[in-house]
Amino acid sequence: MASDHSNPPKNFREFLQHERSYMIVFGTLLVFTGITVAIAQVDLEHDYNMFHGANMTLGLIIATFKATLVMLFFMHLISEKQLIYLVMGFTFFFFTGLMGLTVWAMLDYPKLTTFFM
Amino acid sequence: MRDFLIDTMGLPTLASEHGKNVDYFIVYLHWLMLALFVGWGSYFVWTLIKFRAGRNPKANYHGVQNHASTWLELAVAAIEIVLLLGFAIPLWAKVVETQVPDENDPNVTVIRVTAEQFLWNSRYAGADGVFGKRDYKLVGQDNKFGYDPADTHGRDDIVPPQNTIHAPLGKPVIIKLTSLDVIHGFALHSMRVQQDCIPGMSVPVHFTAKQPGTYAITCAQLCGSGHYRMRANLTVTSEENFNNWILENTPIIEDAPAAGGAAAPAADAFE
Amino acid sequence: MEIPFTSKARPDTGLYNAKVAIWLFLASEVMLFGALFSSYIMLRIGAPEGTWPLPGKMLMTFPGAFNTAVLIVSSVTVVLAWASLKFGNFAQYKKFQAVTIACAFVFMGVKAFEYHDKLTHYAIVKTDGSVWDGHMVQQDDQSVTITIHAHEEEGGHDHDHDHAEHAHDDEHAGDKHVNINAYLGVKGIKGFEYNVDEHGHHVDGEVTIPRSEIAKITNYGPQHSTYLAIYFTLTGLHALHVCGGAFVIFMIWGPLAKMWETDPERYINRVEVSGLFWHFVDLVWIFLFPLLYLL
Amino acid sequence: MQATTTADDITDAHAHDEHHHEPGFWQKYIFSTDHKVIGIQYGVTSLAFLLFGFSLIACMRWQIAYPGQPIPVVGGLLEAILGEVCAGGVMQPELYNSFGAMHGTIMVFLAVVPLVFAAFGNYVVPLMIGAPDMCFPRLNMASFDFFFLGCVLMFTSFFIPGGAAQAGWTSYSPLATSIPTDGQTLWLIAMVLLITSSLLGAVNFIATIIQLRAPGMTWMRLPFFVWAQFVTAFLLLLAFPPLETASLMQLMDKVFHTSFFLPSGLIVGGSPSDVAGGGSPLLWQHLFWFLGHPEVYVLILPAVGMVCEILANNARKPVYGYKTMVYAVMVLGFLSFIVWAHHMYLTGMGNTISAFFQTTTMIISIPSVILLTCLFISLWGGSIRFNTPMMFALAFLPMFGIGGLTGLPLGFAYSDIHLHDTYYVIAHFHYVVAPGTIFGVFAGIYYWYPKATGRFMNEFWGRVHFWGSFLFMNAVFQPMFAQGMAGIHRRMYDGGATYAGYADPETGIVSVPLKFIEMNKGITVAALMLGLVQIPFILNFFISMKNGKKVESDNPWNATTLEWQTPTPPPHGNFDKEIRVYRGAYEYSVPGADADFTPQNEPRNAETKTAEDDEVAEPAN
Ligand code: HEA
Ligand code: HEA
Ligand code: CUA
Ligand SMILES: [Cu+2]
């Protein structure tokens with residue numbers, strides 16, 4: 001967060017200087033967008049003998065990383081009030097509950113069950 | 001005593017082997033609930049009488065001081081844990097995992113039951129003991145079940161009249177349930193069996209009948225305007241009778257593919 | 001009557017009302033999109049073989065990547081606009097936020113292009129079972145004309161184009177994805193047909209198919225397959241959020257800007273709150289892009 | 001953040017306006033932003049729908065008890081309005097299904113939730129926490145508008161060709177998509193509107209409770225009702241969006257022919273469906289029940305909250321274990337998000353996942369037991385006044401007890417095999433929502449009526465209403481347990497007659513003994529009587545507005561909470577004095593105090609003043 005605004009920046013350059021954390025995040029986001037696209041062009045699993053679902057995992061890790069940057073810096077979650085952490089923490093928990101349990105339930109079936117797909 | 005407890009509960013006639021466990025579970029649970037209710041209820045009524053304004057004009061700010069209720073709550077929790085870990089989970093595991101009869105055991109009758117608005121289709125594997133191949137890609141106007149007409153295993157499959165299912169007495173039966181159109185529910189209360197029939201998946205239920213007779217099968221899930229009359233009968237007869245019935249219903253196999261031949265060209269495109 | 005803490009923070013929570021509200025709202029948005037993402041996973045895991053397109057083959061990567069960059073830019077301008085206001089630099093705020101709004105327009109423009117591309121893309125199954133796949137040129141009661149694109153080769157394999165398997169052969173399917181289910185009920189599907197030159201190579205070109213020979217025709221709209229269904233739903237809902245967010249930002253930027261004079265603190269709060277929403281929209285896209293376009 | 005201006009300096013032009021001009025009728029009653037007016041709007045709308053929901057079930061009950069016979073009195077009317085679905089005054093299966101689906105939908109989403117959460121919440125919560133209004137008055141109005149629009153849509157769907165939705169309140173796919181009526185589409189659109197309304201409401205409630213508590217109103221001094229509403233609002237906020245998503249997806253299925261919830265190879269109406277397939281019917285169920293279970297706590301928690309207020313007030317003593325209750329309700333809210341699949345045991349669930357959901361379901365019953373137990377124990381040592389609100393509040397306890405206890409056999413997958421989708425389930429949840437929540441609502445209406453109107457409702461007719469309702473509620477729902485146990489399924493157009501008394505020719509075994517079907521008649525009579533005993537209530541409700549006994553003070557029940565510290569009825573802006581809170585919400589019969597109640601805003605005398613008294617929030621002008 002822009003902390004100190006008692007002495008405002010005089011010109012645009014100085015302003016960007018002052019807000020350089022945003023600019024760094026901005027650059028990082030762009031770079032990682034590029035990386036995501038680049039990685040997607042190769043088949044890590046087959047061409048590079050990585051584990052099953054390697055592309056998916058890596059792609060999602062990068063997306064999560066980018067999202068974290070946006071949340072922490074652009075949305076100022078890095079210095080937010082307790083209450084908001086609490087609310088978002090719960091939300092995150094329920095969100096994973098919704099995802100995890102539905103998928104788990106989808107994968108756990110009794111013996112002899114078949115799907116005609 | 002046991003029987004008395006069960007009878008008071010008004011459960012339908014029991015005709016399957018595993019069903020008695022379901023009954024015991026339900027019945028004991030209900031007596032327990034009744035005990036809790038009566039316990040709390042008497043305390044409640046007593047309190048209302050004892051502390052009515054006319055008799056007790058001045059309330060006591062402090063009220064109950066002891067922590068009996070905590071113990072009570074812990075007791076309820078403990079009972080639930082016992083019920084859960086000791087009975088509910090293992091018993092359910094038996095149903096879906098550990099005591100599922102083996103499909104390939106010749107002793108086991110496997111029936112495919114496919115629900116449809118508003119009737120039940122059953123199918124038996126026939127003499128070769130193997131069902132015809134089934135693939136959703138084959139579903140068509142003239143082949144709504146999607147059985148492969150080219151598959152020889154399917155030709156001797158037995159397709160009894162709709163809404164009739166027969167099962168042999170005293171032998172394990174597996175019914176594999178599915179549906180063509182919407183979700184139906186296969187409720188066979190006399191056997192203490194119930195399972196939804198979901199299009200796109202086939203889920204098994206199993207039981208061993210211990211009493212001959214005809215039992216109603218109810219559709220348990222709302223499936224449209226005919227839901228209420230979507231009834232089938234399960235007939236449990238001795239093994240001998242059952243085998244005769246199977247023979248009666250066995251199709252006469254001709255050389256050419258039987259019914260549904262017209263759909264054949266569609267098949268190869270998907271293989 | 002005055003509602004307290006509309007601009008000033010409540011001491012014990014350290015927050016003003018709208019800030020609490022926007023975070024709560026975002027929490028519900030997380031669950032909204034969360035349910036859609038869960039659906040995406042369920043549909044993908046449960047997809048019958050050959051009906052989920054190969055990673056990165058259904059959508060054009062470039063517009064998606066470009067839009068990702070656009071949203072990132074807009075996210076940074078939103079936060080810089082807010083920072084400008086914090087320093088009392090209203091003019092600079094105006095400029096940054098103008099960029100944001102412009103970005104929203106660009107984003108929607110690209111989206112519209114992509115939608116248009118999908119909706120004019122048709123797959124036609126002829127009565128003889130052959131599948132013709134391309135963009136609509138014109139159609140009338142008598143016939144349908146589509147442009148068929150030469151098949152982009154994958155990994156140097158040559159395709160035996162009248163081989164039926166190829167329609168759902170994961171390894172080698174190109175940009176064309178037959179959802180077999182979409183053609184159910186049509187008998188004897190053979191596979192894709194292409195314009196072929198004298199050397200047997202695929203070339204671009206138009207074909208006109210008489211209506212009488214068409215067994216089934218469908219565009220690549222949401223009904224085409226569960227993949228496109230979830231694609232349109234997710235991106236459509238997201239696009240609605242973009243429009244909504246841009247509208248609010250625009251209102252604060254233009255018509256409601258008078259408040260900067262009367263109540264600057266509350267004005268900054270509004271900018272911050274609308275910005276938080278905007279970042280969230282960006283954040284959703286950060287996941288959407290790889291999931292739908294790449295993976 | 002450094003404040004440069006204070007709230008006092010700011011004059012929101014809009015608010016200023018309202019303050020000075022006497023608003024006209026439209027401004028005051030229709031497009032009002034005053035939380036009390038909005039509360040009353042919600043209240044009136046949802047009570048009307050409660051009655052409507054009952055009318056639907058009354059017709060259905062006739063058909064259940066006397067299948068194929070014309071409905072007396074209204075049969076002809078229905079035929080005239082709805083046409084052949086009620087040919088000859090006899091309900092057809094389609095009509096039965098659509099009334100059933102709409103009874104459930106209306107009762108849950110248009111009657112009880114808006115009543116307990118929105119109506120009581122709007123009216124009472126800001127008063128209880130000492131706030132001038134809700135945090136966002138205009139958002140509040142918007143929330144009502146969305147709700148009202150949703151109501152109108154739901155209601156009109158009865159009159160379109162094909163009629164209203166017919167796939168149950170759960171709207172399971174593929175059935176919901178395969179039923180041709182547009183009522184199904186309207187249902188979905190209306191649901192999206194209702195959900196949007198609830199989301200806006202939930203944001204507003206939470207923000208209000210967090211931000212607008214009067215100085216000194218610390219978290220642990222909040223009346224329990226506020227806590228209940230707070231948790232409820234979170235349930236709505238986080239559980240509703242997945243249903244909104246699901247509704248949108250089903251709408252896509254319906255309108256754009258996608259197949260989110262439609263598997264491959266589906267047959268519709270006897271021929272292969274024309275959709276792509278590849279979807280999953282279970283996905284809908286997961287998304288629906290992810291809302292569905294938290295939703296049932298939305299139905300019950302506010303009622304528990306109201307009962308708690310009324311109980312403490314009329315027992316003239318503090319509630320027992322206030323903090324325990326607060327924690328219990330939080331745990332309840334938290335856990336309610338991870339039990340949903342207990343509605344889906346019989347969809348073919350594996351062992352591990354069902355063990356998980358059985359465990360969470362059992363765990364969640366513990367906080368419910370704690371809540372009920374605390375309320376019971378609160379009565380011990382009291383000086384109990386038996387007035388009408390108290391009667392309803394007291395009756396709530398055993399009724400919820402029965403409903404809750406019968407949730408246990410359903411919560412175990414093993415016993416659910418037999419009980420699933422039978423009348424046992426119907427009886428279970430009606431015990432919680434009808435003699436449970438509805439009694440809570442009645443208690444609340446009788447209790448807060450004097451605050452809203454300045455007059456009491458008639459005590460005698462209140463008692464008639466109580467005993468009648470108590471008797472007939474039980475007469476309606478108690479036999480359903482027996483029916484369910486005997487294997488009679490719900491949603492049966494003929495009330496199960498297809499299966500009745502059928503005896504096996506050889507063995508004489510009867511699948512469903514006739515006596516259980518016969519019970520239908522008694523239940524129907526009781527249900528109609530239940531409707532009749534509401535007449536005294538409705539008359540009482542309207543007549544008392546003009547003729548009821550006037551209240552003698554602003555605090556006629558001698559209560560401690562802040563809503564009784566306002567003028568009667570409270571004006572726009574609520575309080576005519578500054579509110580500061582010095583104590584917890586239930587300081588009844590404090591030893592040494594003059595009266596048997598000490599309002600929350602009554603200052604302590606100087607000597608006993610503690611540091612805690614000064615722990616007050618920034619003065620909220
Ligand atoms: C307000 C509504 C509400 C509430 C609070 C509950 C509470 C509970 N419900 Fe219920 N339920 C519904 C509404 C509700 N339910 C609805 C609407 C359905 C059907 C939906 C449909 O299919 O259409 C349903 C269906 C339903 C099912 C699915 C059944 C099926 O379809 O097969 C299950 C299964 O687990 C279940 C379980 C429970 C449990 C374990 C609780 C627990 O939380 C209960 C905990 C409470 C207690 C354990 C009580 C404690 C008792 C005492 C302290 C003693 C009191 C004694 C005296 C007063 C004397 N419910
Ligand atoms: C909150 C929810 C709620 C409530 C309160 C009720 C209340 C009642 N319900 Fe219902 N019911 C459901 C939710 C509810 N129900 C649901 C979700 C279903 C499942 C639907 C499905 O299958 O999909 C269902 C299904 C259902 C069935 C099963 C139908 C079937 O399976 O085919 C039956 C059968 O008897 C029934 C009966 C009743 C009765 C007799 C009441 C009575 O208790 C009603 C009592 C109410 C009154 C008597 C009205 C009082 C009116 C006023 C007080 C108005 C005052 C007005 C002013 C002052 C302006 N309900
Ligand atoms: Cu089939 Cu109900
Ligand atoms: Cu539940």
Side-chain angles (χ1 to χ4, degrees), chain A residues 1-2 5 7-9 12 15-16 18-19 22-23 25-26 29-30 32-34 36-37 39-41 43 53 55-60 62-64 66-67 69-71 73-76 80-84 87-88 90-92 94-96 98-103 105-107 115-117, chain C residues 9 13-15 19-20 23-24 26-31 33-35 37-39 41-42 45-49 51 55-56 61-62 64-65 68-69 72-73 75-76 78-80 82-84 86-89 92 95 272 275-276 278-280 282-284 286-291 293-295:
Chain A
M1 201 204 240
H5 33 86
N7 52 340
F12 190 57
F15 173 76
L16 290 186
H18 191 274
E19 306 294 342
Y22 293 141
M23 302 315 288
V25 174
F26 176 52
L29 288 175
L30 284 184
F32 273 89
T33 305
T36 318
V37 175
I39 287 181
Q41 306 311 311
D43 185 346
N55 276 64
M56 186 51 105
T57 316
L58 207 64
L60 286 181
I62 296 179
T64 313
K66 284 164 69 185
L69 284 186
V70 171
M71 285 193 289
F73 296 100
F74 288 175
M75 300 173 91
H76 305 137
E80 201 35 279
K81 297 290 176 296
Q82 194 77 39
L83 191 79
I84 300 218
V87 170
M88 293 323 275
F90 275 115
T91 309
F92 184 72
F94 296 137
F95 170 79
T96 27
L98 170 62
M99 273 214 187
L101 291 175
T102 41
V103 173
M106 227 9 214
L107 298 176
F115 302 84
F116 355 98
M117 339 196 94
Chain C
T13 60
L15 298 161
K19 183 86 162 265
V20 178
W23 276 106
L24 291 169
L26 291 185
S28 86
E29 292 280 76
V30 168
M31 297 309 284
F33 280 99
F37 282 118
S38 308
S39 308
I41 301 176
M42 298 257 289
I45 294 178
E49 233 176 280
T51 59
T61 307
F62 179 72
T68 311
I72 292 176
V73 171
S75 235
V76 97
V78 159
V79 78
L80 289 177
W82 171 76
S84 309
K86 282 253 149 194
F87 290 118
N89 192 339
Q92 190 173 307
K95 282 181 206 136
E272 181 182 14
L276 282 171
W278 192 256
H279 295 308
F280 176 78
D282 180 25
L283 209 136
V284 170
I286 286 179
F287 283 102
L288 280 187
F289 170 58
L291 278 181
Y293 289 76
L294 302 175
L295 297 174

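Each chain gets a letter, A, B and so on, in the order its sequence line appears, and its residues count up from 1. Note that these values count all heavy atoms, side chains included, but never hydrogens, waters or copies made by symmetry.
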Could you go through C:Trp23 and A:Val87, starting from their C-alpha distance and side-chain angles, then the distance that decides it, and tell me whether this counts as side chain to side chain contact (heavy atoms under 4.5 Å, CB included)? CA-CA 8 Å; C:Trp23 276 106; A:Val87 170; 5.5 Å; no
Heavy-atom nearest pair, A:Met99 first then C:Gly34, reads CE-O, 4.0 Å
So A:His76 and C:Trp82, do their side chains get closer than 4.5 Å, heavy atoms only? yes
The interface call for C:Phe289 against chain A, heavy-atom contacts under 4.5 Å, is side chain
Honestly, the part of A:Phe95 sitting under 4.5 Å from a heavy atom of chain C is both
| request: Quick one: do A:Phe15 and C:Asn89 satisfy side chain to side chain contact (heavy atoms under 4.5 Å, CB included)? Show the steps, please. | output: CA-CA 10 Å; A:Phe15 173 76; C:Asn89 192 339; over 6 Å; no
Item checked: A:Gln82, CD atom: more than 12 neighbouring heavy atoms under 6.0 Å -> no
When the 4.5 angstrom heavy-atom criterion is applied to A:Met88 and chain C, the contacting part is side chain
Cut-off 4.5 Å, heavy atoms of chain A, and the answer for C:Leu80 is both
In terms of heavy-atom pairs under 4.5 Å with chain A, the winner among C:Ser84, C:Ser28, C:Ala65, C:Gly64 is C:Ser84
Cut-off 4.5 Å, heavy atoms of chain C, and the answer for A:Thr96 is neither
Next on the checklist: Determine whether A:Met106 and C:Ile45 satisfy the following criterion, side chain to side chain contact (heavy atoms under 4.5 Å, CB included), listing intermediate values before the conclusion.
Outcome noted: CA-CA 9 Å; A:Met106 227 9 214; C:Ile45 294 178; 5.6 Å; no
Cut-off 4.5 Å, heavy atoms of chain C, and the answer for A:Glu80 is side chain
Note: vs chain A, highest number of non-hydrogen pairs under 4.5 angstrom among C:Ser75, C:Pro290, C:Ser39 is C:Ser75
Scanning both residues in full, the closest heavy-atom pair of A:Met71 with A:Met75 reads O-CB, 3.3 Å
Whatever's closer than 4.5 Å to a heavy atom in chain C on A:Val37 counts as both
Any side-chain donor near an acceptor of the partner, C:Thr13 and A:Lys81, under 3.5 Å | no
Applying a strict 4.5 Å limit to non-hydrogen atoms, the region of A:Leu69 in contact with chain C is neither
Here the gap from C:Leu276 atom CG to C:Leu283 atom CG, rounded to the nearest 0.5 Å, amounts to 11.5 Å
Given side chain to side chain contact (heavy atoms under 4.5 Å, CB included), test C:Val30 with C:Phe280 step by step and report yes or no. CA-CA 9 Å; C:Val30 168; C:Phe280 176 78; 3.8 Å; yes
Okay, C:Leu294 and chain A: the region with an atom under 4.5 Å from a heavy atom over there is both
If one checks every heavy atom of A:Leu83 against chain C at 4.5 Å, the contacting part turns out to be side chain
If one checks every heavy atom of C:Val284 against chain A at 4.5 Å, the contacting part turns out to be neither
Checked A:Ile84, A:Ile39, A:Leu60, A:Leu29 vs chain C; the most non-hydrogen pairs under 4.5 Å come from A:Ile84
Whatever's closer than 4.5 Å to a heavy atom in chain C on A:Ile62 counts as neither
